Chemist: 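Starting off with a structure, shown below.
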Amino acid sequence: MLLRKLKSRIISLACLLDRDFRAIRNSGLFERSYYLVQNPDVVRSGIDPLVHFFRHGVREERNPNPMFDVKYYLRKYPLIKESGKNPLIHYARLGPDGREDLNMFIGKFSYRPKISIIALIDKNCRKSLKKFIRSVAWQYYSDWELFIVQDGGNAVPYAKKVVEDFAENMPETKIEYIHANKSAAEALNEAAGIASGEFIVYANTNDLPGANALCEVARLLNKCPETDVIYSDEYRIAEDGLPLEYVLRPDWSPDFFYGVSYIEDFFIVRRELAIKTGLLRGEFAPVHFYDFLLRLYENTDKIEHLPKVIYYRNQTNKGQRRGLAAEADLRQLCEKAVSSHLKRRKISASVKVDENSQCMILYPKKKEYYPLVSLIIPFVEEDGSFHKSIETIHRDTDYRAIEVLFAGVISSNQDLQDLKEGHEIKLINRSTPANLSKVINNCVNRSRGDYIIILDGNTEIMTPEWIKNLLFYAEQPDIAAVGPYIVQSGGKVVAPSFLLRFRDKLSYGHSVNRYPEDSSWVGGFLKCAHEVPFVPLTCLMMKKELFLEAGGLNEHLFSFYQDIDLCLRFIERGYRNIYSPTAVIRKSMCGFIPEPDFLDRALILDQWPDAVLLD
């Protein structure tokens with residue numbers, strides 16, 4: 001190990017004597033973190049990434065940054081390939097006027113907003129501060145200004161000189177140092193007040209934005225100029241720049257955000273909106289960004305996720321940047337932020353922290369009036385299990401304003417009398433073979449409730465308040481279908497589904513199955529409410545009026561995919577479909593499963609070709 005390190009050091013020193021090596025190092029075109037993330041073998045080798053690229057990577061056509069494609073460049077300049085020269089050196093020495101590809105790419109932007117980067121200084125950042133400023137200076141997008149902010153709680157005496165040295169060497173750009181004898185939130189607010197950019201980027205000097213970060217933000221704004229807030233994916237790195245893990249964030253989901261603060265301190269916000277919202281509030285430090293984003297959502301729904309890694313976060317200083325606050329205190333502050341947000345939005349719900357997953361879960365408060373809910377239970381065959389289903393619903397449900405519509409075939413009058421005895425049910429007889437869509441549509445038309453629940457008969461109620469918890473979301477005006485947390489009788493997760501994928505004729509949804517029912521999955525995904533593309537007919541709740549307006553279930557689909565088709569129609573109309581983790585049902589896997597229908601599969605693929613992933 002010692003000999004390998006010594007050899008690597010000797011090679012690095014030898015490269016420093018090479019003029020071409022120094023040209024690449026000083027150009028700002030090589031991104032160390034990006035190169036390590038894309039090339040795990042370099043991490044394992046222990047070789048300096050720049051040395052590896054200079055000696056081996058360029059010949060292997062490995063890219064030095066996300067905006068420079070070695071293969072493309074060699075195709076464009078075949079003489080460079082024939083000569084064996086390093087294409088990145090050729091590109092660097094062409095100068096700004098010769099970099100026609102990048103200039104043409106950015107030059108196509110009809111909208112070039114100025115972006116103000118506001119970065120808070122952490123302690124012990126002598127090296128990282130210089131790296132951070134250099135990473136901003138090397139941005140491909142040039143319409144920016146930078147504010148390095150130091151709050152009253154951090155004493156970094158060398159920071160001012162570092163910033164002033166960069167500002168002196170880069171007179172064409174605005175780089176300013178702000179030292180405020182205030183809290184971090186107040187110091188950041190002071191910078192936002194004097195910023196001149198149309199958009200503000202909040203960052204941290206221990207982290208590194210990729211050279212393409214502002215360029216990708218500008219690209220998104222040219223595509224969606226009305227966007228007010230942008231956040232991205234990122235990669236977490238160690239202090240020495242070695243990669244640790246990807247952080248791939250979901251698209252904006254307010255209900256999921258209530259449970260998990262999945263956006264940290266690198267996000268972009270329209271400055272006018274930020275000032276209107278009131279900027280950061282010091283009483284929520286060190287989770288003031290979470291509170292700020294919740295308040296931003298109260299003023300705009302134009303929040304976009306940029307599904308690209310454009311930021312490298314130093315995971316080593318995570319505790320430091322949070323002020324070393326106790327986790328219990330952080331959870332209490334997050335709970336307070338969500339509770340205040342719900343109160344301002346007049347959403348009648350309380351917030352509790354789940355002890356296992358540490359996620360915040362919403363529970364609806366008691367109401368004076370509960371609307372009538374119609375439970376529609378279609379049975380495909382006469383197997384006697386409907387008796388158990390009706391008994392379970394009435395015994396294990398605390399919601400009393402319900403009517404039950406049973407759609408099935410009962411040949412015995414005694415069975416019919418036994419079924420009705422002690423229960424308020426409505427029997428809707430059908431003929432066989434059944435068209436499931438037609439059966440359910442008929443039941444909905446004959447129901448009296450303002451809300452309907454389509455429920456599989458082979459289910460067991462696990463939470464007595466399941467209807468109240470589903471109703472909490474179904475009553476919201478922008479939500480269509482609501483589904484519960486569904487587990488199999490063997491204790492494995494069945495739903496929520498979050499991808500639509502066909503692997504074969506039976507696989508109509510990709511779910512988080514095979515996980516135990518007490519699992520929170522990645523980032524508390526199973527413990528928090530969030531949007532899903534569809535809710536299965538195993539248990540689906542929605543407004544009856546909305547169901548009828550949409551035309552009900554597609555009766556051309558006999559056995560499968562009616563739920564997918566219905567829910568995608570709602571998404572097309574601008575509604576959301578929600579999964580609620582606080583309503584839990586258990587599904588028996590012994591029930592009758594109809595044979596897959598090739599025509600159903602062909603019809604759903606023809607109807608929604610862009611929504612379904614094909615394997």
Side-chain angles (χ1 to χ4, degrees), residues 8 12 15 21 24-25 27-73 86-88 91-92 102 117 119 122 125 127-128 130-141 201 203-217 219-220 230-250 262-268 305-318 321 522-523:
S8 175
S12 299
C15 287
F21 180 85
I24 294 177
R25 186 191 62 177
S27 69
L29 296 170
F30 182 81
E31 285 194 43
R32 172 186 172 89
S33 297
Y34 171 83
Y35 194 78
L36 289 172
V37 167
Q38 299 299 317
N39 303 286
D41 58 317
V42 179
V43 178
R44 293 191 295 269
S45 71
I47 302 174
D48 182 272
L50 180 54
V51 172
H52 183 275
F53 173 77
F54 182 72
R55 299 189 68 198
H56 311 288
V58 68
R59 291 199 304 272
E60 297 165 1
E61 298 183 339
R62 305 194 191 200
N63 296 332
N65 65 63
M67 298 290 286
F68 187 89
D69 189 327
V70 173
K71 291 182 181 179
Y72 167 78
Y73 199 82
N86 191 313
L88 191 62
Y91 179 80
L102 187 57
I117 305 165
D122 272 356
C125 63
K127 292 182 180 179
S128 64
K130 292 181 179 180
K131 289 180 180 179
F132 176 82
I133 298 176
R134 196 175 291 118
S135 69
V136 174
W138 288 341
Q139 289 293 310
Y140 299 120
Y141 187 80
V201 178
N204 190 284
T205 57
N206 273 322
D207 306 327
L208 294 172
N212 64 326
L214 299 185
C215 186
E216 294 294 348
V217 169
R219 191 212 298 255
L220 190 150
I230 301 171
Y231 64 97
S232 73
D233 298 337
E234 64 183 41
Y235 209 100
R236 289 181 179 163
I237 59 175
E239 192 170 7
D240 56 3
L242 294 178
L244 297 176
E245 61 178 345
Y246 276 109
V247 179
L248 304 179
R249 294 191 168 92
Y262 58 81
I263 305 174
E264 296 189 53
D265 57 359
F266 181 76
F267 61 94
I268 299 91
H305 169 221
L306 179 60
K308 292 185 178 181
V309 174
I310 61 173
Y311 195 68
Y312 300 91
R313 184 179 301 280
N314 189 338
Q315 186 71 356
T316 310
N317 298 295
K318 184 177 179 181
R321 75 177 51 179
V522 179

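Since this is a predicted model, take the numbers as computed values, not measurements.
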Chemist: What I'd like to find out is whether the side chain of Arg313 reaches to under 4.5 Å of the side chain of Asp265, using heavy atoms alone.
Modeler: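 Side chain of Arg313 against side chain of Asp265, heavy atoms only: contact under 4.5 Å found.
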
Chemist: Distance check, rounded to the nearest 0.5 Å: Ile230 atom CD1 versus Glu216 atom CD?
Modeler: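 Going from CD1 on Ile230 over to CD on Glu216, the span is 11.0 Å.
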
Chemist: What distance separates Ile237 CD1 from Asp207 CG, expressed to the nearest 0.5 Å?
Modeler: 7.5 Å

Chemist: List the residues meeting side chain to side chain contact (heavy atoms under 4.5 Å, CB included) with Asp69, not counting sequence neighbours, and say none if there are none.
Modeler: Asn63, Lys71, Tyr72

Chemist: Using the ring-ring contact (aromatic ring centres under 6.0 Å, His included) criterion, which residues pair with Phe68? Sequence neighbours excluded.
Modeler: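 Phe68 satisfies ring-ring contact (aromatic ring centres under 6.0 Å, His included) with Tyr73, Tyr91 once adjacent residues are dropped.
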
Chemist: Kindly say whether Gly210 contributes a backbone atom to a donor-acceptor pair with the side chain of Glu31 at under 3.5 angstrom?
Modeler: no

Chemist: Just wondering, do Tyr311 and Asn204 contact through their side chains at under 4.5 Å, heavy atoms?
Modeler: yes

Chemist: Looking at every non-hydrogen atom in both residues, tell me the closest pair between Val58 and Pro87 and how far apart they are.
Modeler: CG2-CD, 3.3 Å

Chemist: Is there side-chain contact between Tyr231 and Tyr262, with at least one heavy-atom pair below 4.5 Å?
Modeler: yes

Chemist: What pair of heavy atoms forms the shortest contact from Gly57 to Tyr35, and how long is it?
Modeler: CA-OH, 3.4 Å

Chemist: Distance check, rounded to the nearest 0.5 Å: Ser128 atom OG versus Ile133 atom CD1?
Modeler: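 Reported value, rounded in 0.5 Å steps: 9.5 Å.
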
Chemist: Checking Asn212 now: which residues fulfil side-chain hydrogen bond (donor to acceptor under 3.5 Å, both in side chains) with it, not counting sequence neighbours?
Modeler: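 side-chain hydrogen bond (donor to acceptor under 3.5 Å, both in side chains) list for Asn212, sorted by chain: empty.
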
Chemist: Run the salt bridge (Lys or Arg N to Asp or Glu O under 4.0 Å) test against Glu61 and tell me which residues pass, sequence neighbours left out.
Modeler: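 For Glu61 there are no salt bridge (Lys or Arg N to Asp or Glu O under 4.0 Å) partners, ignoring immediate neighbours.
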
Chemist: Only counting residues at least two apart or in another chain, list the ones meeting side-chain hydrogen bond (donor to acceptor under 3.5 Å, both in side chains) with His305.
Modeler: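 Counting only residues at least two positions away or on another chain, His305 forms a side-chain hydrogen bond (donor to acceptor under 3.5 Å, both in side chains) with Asp233, Asp251.
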
Chemist: Measuring from atom OG of Ser232 to atom CD1 of Ile263, what distance do you get when rounded to the nearest 0.5 angstrom?
Modeler: 9.5 Å

Chemist: Minimum heavy-atom separation for Thr205 and Phe132, please, with both atom names.
Modeler: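 Taking Thr205 first and Phe132 second, the nearest heavy atoms are O-CB, 3.5 Å.
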
Chemist: Quick one, Val217 and Val201 - any side-chain contact, counting heavy atoms below 4.5 Å?
Modeler: no

Chemist: Mind checking ring-ring contact (aromatic ring centres under 6.0 Å, His included) for Tyr235 and listing every partner two or more places apart, or none if nothing turns up?
Modeler: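 Applying ring-ring contact (aromatic ring centres under 6.0 Å, His included) to Tyr235 gives Tyr246.
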
Chemist: To the nearest 0.5 Å, what is the distance between CZ on Phe54 and CG on Asp48?
Modeler: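 Rounded to the nearest 0.5 Å, the CZ-CG separation comes out at 12.5 Å.
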
Chemist: Using a 4.5 Å cut-off on heavy atoms from C-beta on, say whether the side chain of Pro64 contacts that of Val70.
Modeler: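 A side-chain contact exists here, since the closest heavy-atom pair is under 4.5 Å.
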
Chemist: When you look at Leu306 and Ile268, which way does the side-chain contact (heavy atoms from CB on, under 4.5 Å) test go after all the steps?
Modeler: CA-CA 11 Å; Leu306 179 60; Ile268 299 91; over 6 Å; no

Chemist: What's the shortest heavy-atom distance between Phe30 and Phe53, and which atoms?
Modeler: CE1-CB, 3.5 Å

Chemist: Applying side-chain hydrogen bond (donor to acceptor under 3.5 Å, both in side chains), can you list everything that pairs with Gln139, at least two apart in sequence or on another chain?
Modeler: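 Gln139: no side-chain hydrogen bond (donor to acceptor under 3.5 Å, both in side chains) contacts found.
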
Chemist: Determine the minimum heavy-atom distance between Cys215 and Tyr141, stating which atoms define it.
Modeler: N-CB, 3.7 Å

Chemist: With sequence neighbours left out, what residues match Arg62 under side-chain hydrogen bond (donor to acceptor under 3.5 Å, both in side chains)?
Modeler: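 Expected list: Asn39, Asp41, Glu60.
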
Chemist: Provide the closest heavy-atom pair for Asn206 versus Asn314 in the form atom of the first, atom of the second, distance.
Modeler: O-CB, 3.1 Å

Chemist: How long is the span from the CD1 atom in Ile47 to the CG atom in Leu36, to the nearest 0.5 Å?
Modeler: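 Separation between the atoms: 11.5 Å.
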
Chemist: Is there side-chain contact between Glu264 and Arg249, with heavy atoms separated by less than 4.5 Å?
Modeler: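 They are in contact (side-chain heavy atoms under 4.5 Å apart), so the answer is yes.
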
